Structures are given as C-alpha cells and as structure tokens.
Amino acid sequence: MTLDFWVKTNGTWINAISVILGTAGGMLLKHRLPLRMQRIITQGVALITLFIGFHMAQSLLQVKNSRVDGVVLGLVAIIIGGLLGEWWHLEERLYRVGEFLKVRFQKSGYFTEGFVAGSLLFCVGPMALIGSLNNGLTGNNTLLILKATMDGITSIALGSSFGIGVGFSSLVILVYQGGVSLLAGFLIQSLPDPTHDPHLLLITGVGGLTVIGLGFNLLEVSQVRVASFLPALLVAPLLYFLCQ
C-alpha cells in the first residue's frame with residue numbers, strides 16, 4: 001500500500017512544531033530568569049550534548065567486516081570531510097543564511113548562533129535519520145515523536161539563550177527529515193537493516209564527533225567549525241565501500 005504524504009512525513013512536522021513551541025517558551029522564560037540562570041541552562045544543554053555526542057561516536061567501535069578499523073575510518077572521514085567543508089566554505093555559507101534571516105526577523109542578539117546550533121543539534125544524529133526512514137517506509141513516527149520531545153525541551157534552553165534563531169532551525173528539520181522520509185523508498189534498497197548497517201554506524205559515529213564539537217562550542221571552551229565537518233557524513237560510508 002502506498003503511504004500518502006502526511007503519513008510519511010507527520011513525524012517531521014511534529015518535530016518542527018515542537019522546536020517552534022519550545023523556542024517560544026524559552027523566549028518567554030528568558031525575561032523571567034537572570035543571566036546566570038540562562039547561562040546555567042545553556043551549560044546543562046551543552047553537557048547533555050556532549051554525552052549524546054560521545055554515545056553516538058561509540059558507533060565507530062561497532063563497525064565490523066572492514067579491512068580498516070571503524071575508528072580509523074572515522075578519523076580519515078572527519079579530516080577529509082573537514083577539508084572539503086573548508087574548501088566549500090560551509091561554515092560561512094550557513095552563517096550567511098542565519099544573517100539573512102536575522103536582518104529580516106531580529107535586528108540584534110544571537111539569531112545566527114541559535115540558528116546554526118539548532119540546525120546542527122536537531123539534524124545530526126541517528127534518531128533523525130533512522131526515524132525519518134521508519135516514518136517514510138511504514139508510517140511509524142514513534143522515534144520521531146521521541147526526538148520531537150527531546151528537541152522541544154532542548155529548544156526551550158536554547159531559545160532562552162539565543163532567541164528566535166533557534167525556532168528557524170525548524171526549516172532545516174523540515175527540509176532534511178522530510179526529504180529523507182520521502183526518499184526512504186529509494187534509500188532502503190541500500191540499507192536493508194538500518195540499525196546495524198555499517199554505513200549508518202559510520203555516519204552515526206562521525207555525526208557524534210560533530211555533536212561533541214557543538215557541545216564544546218555551547219560551553220564556550222572552543223570554537224570548533226562544526227559545519228565544515230558535515231561532508232564527513234557522506235565521506236564515511238564512501239570510505240567503507242572503498243575498503244570493501
């Protein structure tokens with residue numbers, strides 16, 4: 001039976017709405033909390049982000065049946081992907097999108113920082129990919145509903161610190177997750193078992209490394225150019241294929 005558009009993408013729409021509502025709640029909460037409390041909320045989100053990132057990165061240890069260890073593949077992928085990202089100026093391009101929206105919707109504040117942080121945090125990870133695949137193939141949106149709940153809570157904290165820019169990351173969620181859900185019928189031909197496929201494990205592991213970088217940025221202990229590493233998500237499964 002062919003699933004209609006809403007059944008394939010309903011999890012993505014719910015996810016996007018949760019981020020918008022969470023951001024609105026965070027912005028309302030911002031005016032009722034002193035700066036030190038806003039900062040501690042952001043630091044709490046950063047610590048959870050680091051935990052999620054390290055957990056995701058462990059997927060590199062699960063990559064089997066390859067001539068090269070998964071950690072080594074992850075290292076090579078993150079380096080090649082980072083070089084490609086710098087060559088294509090992905091960090092600057094993503095910030096330009098944020099600045100373009102900022103001029104029209106928020107004249108001051110941390111619009112761009114919120115947009116970039118939300119876009120990366122909400123879209124890089126196994127739940128976004130596997131949940132979208134499940135939603136698009138079977139109409140099962142359970143995983144995306146769980147993700148929507150987590151993203152909604154996180155966007156409250158981010159929204160209180162960065163403002164409306166976090167809410168606009170919902171556009172990236174719609175494009176990315178919605179696109180994966182609609183293309184799931186084609187993707188499943190190469191990923192018959194998404195939860196254990198080595199290509200997906202590599203994507204998850206490398207994605208975890210980028211999430212760790214985002215966590216460090218939220219803690220303001222460094223300025224990792226996270227967006228520049230995004231091509232590594234495509235490079236990792238390609239390297240595994242070449243090693244086979």
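This structure is a prediction, so every number in the text was calculated from the model and none was measured.
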Counting only N and O atoms by type, is there a donor-acceptor contact under 3.5 Å from the side chain of Arg225 to the main-chain atoms of Gly82?
no
From [X] [atom1] over to [Y] [atom2], what is the distance, rounded to the nearest 0.5 angstrom?
X      : Y      : atom1 : atom2 : value
Ser18  : Lys147 : OG    : NZ    : 7.5 Å
Leu214 : Leu120 : CG    : CG    : 6.0 Å
Arg96  : His89  : CZ    : NE2   : 8.0 Å
Asn15  : Asp151 : CG    : CG    : 4.5 Å
Thr12  : Trp6   : OG1   : CH2   : 9.5 Å
Arg36  : Ile40  : CZ    : CD1   : 10.5 Å

Please tabulate, one pair per line, all N/O donor-acceptor pairs under 3.5 Å involving side-chain atoms of residues 227-234, not counting sequence neighbours.
from   : atom 1 : to    : atom 2 : distance (Å)
Ser228 : OG     : Glu86 : OE2    : 2.5

Quick one: are [X] and [Y] in side-chain contact, heavy atoms under 4.5 Å?
X      : Y      : result
Asn135 : Ser132 : no
Val206 : Val235 : no
Leu121 : Leu158 : yes
Trp13  : Leu174 : yes

Using the rule that Ile, Leu, Val, Met, Phe, Trp and Tyr join whenever any side-chain heavy atoms are under 4.5 Å apart, tell me whether [X] and [Y] fall into a single cluster.
X     : Y      : result
Ile79 : Tyr240 : yes
Leu21 : Ile153 : no
Ile17 : Leu143 : no
Leu50 : Leu61  : yes
Phe54 : Val226 : yes

Heavy-atom pair of closest approach, residues [X] and [Y]:
X      : Y      : value
Val63  : Gly70  : CB-CA, 4.0 Å
Gly167 : Ile20  : O-CG1, 4.1 Å
Ser222 : Asn217 : O-OD1, 3.1 Å
Leu182 : Lys8   : CD2-CD, 4.3 Å
Thr23  : Val166 : OG1-CG1, 3.6 Å
Gly159 : Met27  : O-CG, 3.8 Å

Measure the acute angle between the ring planes of Phe111 and Phe168, then classify it against the limits of 30° and 60° as parallel, tilted or perpendicular.
tilted
Are more than 12 heavy atoms from other residues, nucleotides or ligands located less than 6.0 Å from atom CH2 of Trp87?
no
Does a sphere of radius 6.0 Å around CD in Glu92 hold more than 12 heavy atoms from other residues, nucleotides or ligands, not counting ones at 6.0 Å or beyond?
yes
For side chain to side chain contact (heavy atoms under 4.5 Å, CB included), just list the numbers for Ile48 and Ile52, CA-CA rounded to whole Å, side-chain angles, deciding distance to a tenth of an Å, and then say yes or no.
CA-CA 6 Å; Ile48 291 297; Ile52 294 173; 3.8 Å; yes
Given the rule in the side chain to side chain contact (heavy atoms under 4.5 Å, CB included) test, do Ile14 and Leu144 qualify, once you have shown the distances and angles that lead to the verdict?
CA-CA 8 Å; Ile14 294 172; Leu144 288 185; over 6 Å; no
Summary of side-chain hydrogen bond (donor to acceptor under 3.5 Å, both in side chains) pairs that have at least one residue in residues 153-171, sequence neighbours excluded
Thr42-Ser161
Test side chain to side chain contact (heavy atoms under 4.5 Å, CB included) applied to Phe122 and Tyr176, step by step
CA-CA 10 Å; Phe122 299 147; Tyr176 172 65; over 6 Å; no
Would Leu60 and Leu73 satisfy side chain to side chain contact (heavy atoms under 4.5 Å, CB included), going step by step from the backbone distance to the final call?
CA-CA 8 Å; Leu60 296 175; Leu73 287 175; over 6 Å; no
